[in-house]
Amino acid sequence: EPATPPGPLKDTSAKLVNDKAHPWKPLAPGDIRGPCPGLNTLASHGWLPRNGIASPAQIVEAVQEGFNMENSLAFFVTYGAHLVDGNLLTDKLSIGGKTSLTGPNPPAPAIAGGLNTHAVFEGDTSMTRADFFFGDNHDFNETLFDEMVKFANKFGAGKYNLTVAGEFRWQRIQDSIATNPTMSFVSPRYYTAYAESVFPLNFFIDGRQTDGQLDMTVARGFFQNSRMPDDFFRANGTRASEGFDDVVAAHPIQPGRNVDRVNNYVLDPTSADFSVPGSCPLYTTFVNQTVRSLYPTPTGALRSALNKNLDFFFQGVNGSGCTQIFPFGTD
Ligand code: HEM
Ligand code: MG
């Protein structure tokens with residue numbers, strides 16, 4: 001029975017979140033971290049269980065309390081990830097690699113492999129993590145971070161800002177097209193890549209700061225060390241994907257993938273894209289294709305858990321006028 005996630009925060013003001021109750025601690029043996037600097041940081045400050053295994057309800061609570069992430073986005077991202085990477089029977093998700101700590105395997109083709117799992121949520125062209133093709137899609141990559149600093153110097157006077165976000169996103173896409181023969185940039189990655197380009201601006205900048213300029217030493221703390229600056233205040237008011245459209249508009253590209261070799265980016269007109277605005281195309285294809293490919297014929301407790309988690313996932317787009325879909329029937 002999946003735990004019920006919290007609703008919106010009552011008090012969304014900026015406040016100290018690197019506080020006495022949530023000190024940064026180095027990893028203990030066995031602690032798991034993964035490709036998301038936001039969740040890594042929440043775990044290393046004890047807003048999430050420090051071992052890196054959490055229920056989706058705990059994740060929604062932590063991203064709201066720790067970073068002021070807006071409630072529907074928190075639902076959408078958390079339940080999207082849990083549906084494809086989590087163990088639906090035990091209600092546990094690894095924020096990194098696969099582990100027995102999330103419980104016994106569901107039947108194949110389900111993976112329940114944690115956020116490191118390639119292609120169902122995690123994908124190519126990440127800013128500070130290499131493409132899966134190169135062998136490690138989840139650890140901090142110094143070469144990539146150095147490139148991010150270079151872009152901050154070139155386009156942002158040393159800071160990461162919206163202009164840098166647009167230029168660096170494009171650079172990461174072009175770099176993957178040129179070097180990764182398996183490069184894929186279709187839904188859901190087509191959407192999450194743009195969202196993640198603005199998350200550092202919306203969540204890693206101190207809530208008392210209003211200039212939209214992320215210091216690169218602060219950025220390194222989050223991306224590399226899962227660490228908030230001393231005295232860090234969360235955003236002042238909820239944040240979601242503000243800036244997304246600007247990053248897209250800086251260098252538009254249609255969904256596609258390299259076919260068989262590098263520099264062979266072929267468009268995929270079957271992927272959800274921005275021709276229909278908003279998250280409904282992403283929602284629909286994620287449920288009908290990504291989730292169903294992992295759970296073709298679920299029964300019993302598994303089917304019931306899927307349906308509950310799909311309901312929470314839909315709550316993440318409710319209000320955007322999407323039509324809810326029920327691939328496994330209704331209870
Ligand atoms: C990347 C999951 C919330 C910041 C990722 C990735 C996953 C993920 C799977 C890897 C995608 C990839 O780059 O290939 C989640 C889930 C969340 C969540 C399930 C639950 C709400 C947050 C929050 C923040 C954040 C609250 C910021 C405080 C980022 C950033 C990246 C990222 C900046 C891109 C890393 C990079 O490109 O190097 N997230 N995330 N995420 N996440 Fe999260
Ligand atoms: Mg990635």
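Atoms within each ligand, like the ligands themselves, are counted from 1 in listed order. The first residue in the sequence is number 1, and the count goes up from there. Any value given below was found using the heavy atoms of this structure, including those in side chains, with hydrogens, waters and symmetry copies removed.
- Of all atoms in ligand 1, listed by their number and element, those nearer than 4.0 Å to a heavy atom of Ile59 are 20 (C).
- Between the Asn318 side chain and the Phe314 main chain, no donor and acceptor come within less than 3.5 Å of each other.
- Shown in contact with Pro35 at under 4.0 Å from a heavy atom are these atoms of ligand 1, numbered in order with element: 1 (C), 10 (C), 35 (C).
- A donor atom on one side chain and an acceptor atom on the other are found under 3.5 Å apart for Gln324 and Asp311.
- The closest heavy-atom contact to atom 5 (C) of ligand 1, among the options Met69, Glu196, Arg239, comes from Glu196.
- For atom 36 (C) of ligand 1, the candidate residues are Gln64, His82, Met127; the nearest heavy-atom contact is made by Met127.
- Regarding atom 24 (C) of ligand 1, its nearest protein heavy-atom neighbour is Gly38 CA, 3.7 Å.
- Residue-level proximity to ligand 1 for Leu39 is carried by the side chain, the only part with a heavy atom below 4.0 angstrom.
- Atom 19 (C) of ligand 1 has Ala81 CB, 3.5 Å as its closest protein atom, hydrogens excluded (heavy atom only).
- Contact between Val63 and ligand 1 is present, with at least one heavy atom of the residue lying under 4.0 Å from the ligand.
- Of the possible polar contacts, none joining the Asp131 side chain to the Asp124 backbone as a donor-acceptor pair under 3.5 Å is found.
- With hydrogens and angles ignored, the 3.5 Å screen pairs a side-chain donor or acceptor of Thr102 with a backbone N or O of Thr99.
- Taking the six-membered ring where tryptophan is involved, the planes of Phe145 and Phe140 are tilted, since the angle between them lies from 30° to 60°.
- Side-chain atoms of Trp24 come within 3.5 Å of backbone atoms of Asn225 as a donor-acceptor pair (strictly under, hydrogens ignored).
- The nearest protein atom to atom 29 (C) of ligand 1, hydrogens excluded, is given as Pro37 CD, 3.7 Å; this is a heavy-atom distance.
- Ring planes of Tyr79 and Phe312: tilted class, angle from 30 to 60°.
- Taking a cut-off of under 4.0 Å to the non-hydrogen atoms of Thr78, the atoms of ligand 1 that pass are 20 (C), 21 (C).
- Asn51 places no side-chain N or O within donor-acceptor distance of the main-chain N or O of Ile32, the cut-off being under 3.5 Å.
- Nearest to atom 28 (C) of ligand 1 by heavy atom, out of Phe222, Phe223, Phe203, is Phe203.
- The contact set between ligand 1 and Ser126, taken as ligand atoms under 4.0 Å from a residue heavy atom, comprises 12 (C), 13 (O), 14 (O), 37 (O).
- The Mg ion (ligand 2) has an N, O or S atom of Glu122 closer than 2.8 Å.
- Looking only at heavy atoms of the protein, atom 43 (Fe) of ligand 1 is closest to Cys36 SG, 2.2 Å.
- Environment of CG in Asp230: sparse, with no more than 12 heavy atoms of neighbouring residues, nucleotides or ligands closer than 6.0 Å.
- Under the 30°/60° scheme for interplanar angles, the aromatic rings of Phe121 and Phe286 are found to stand perpendicular.
- Atoms of ligand 1 lying under 4.0 Å from at least one heavy atom of Arg189, given by number and element, are 11 (C), 12 (C), 13 (O), 14 (O).
- Residue contact annotation: Arg129 places no N/O/S atom under 2.8 Å from the Mg ion (ligand 2).
- The aromatic rings of Phe199 and Phe203 stand perpendicular to each other, their planes meeting at an angle above 60°, with 30° marking the opposite boundary.
- Classification of the Phe76-Phe313 ring pair by plane angle, with boundaries at 30° and 60°, yields parallel.
- Of all atoms in ligand 1, numbered sequentially from 1 with element shown, those under 4.0 Å from a heavy atom of Phe121 are 7 (C), 9 (C).
- Atom 17 (C) of ligand 1 has its closest protein heavy atom at Val77 CG1, 3.5 Å.
- Contacts with ligand 1 closer than 4.0 Å are made by side-chain heavy atoms of Phe204 only, the backbone lying farther away.
- Between Phe274 and Tyr190, the ring-plane angle classifies as parallel under the 30° and 60° cut-offs.
- Phe199 CD2, 3.6 Å is the protein heavy atom nearest to atom 4 (C) of ligand 1.
- For Ser126, the nearest N, O or S atom to the Mg ion (ligand 2) falls under 2.8 Å.
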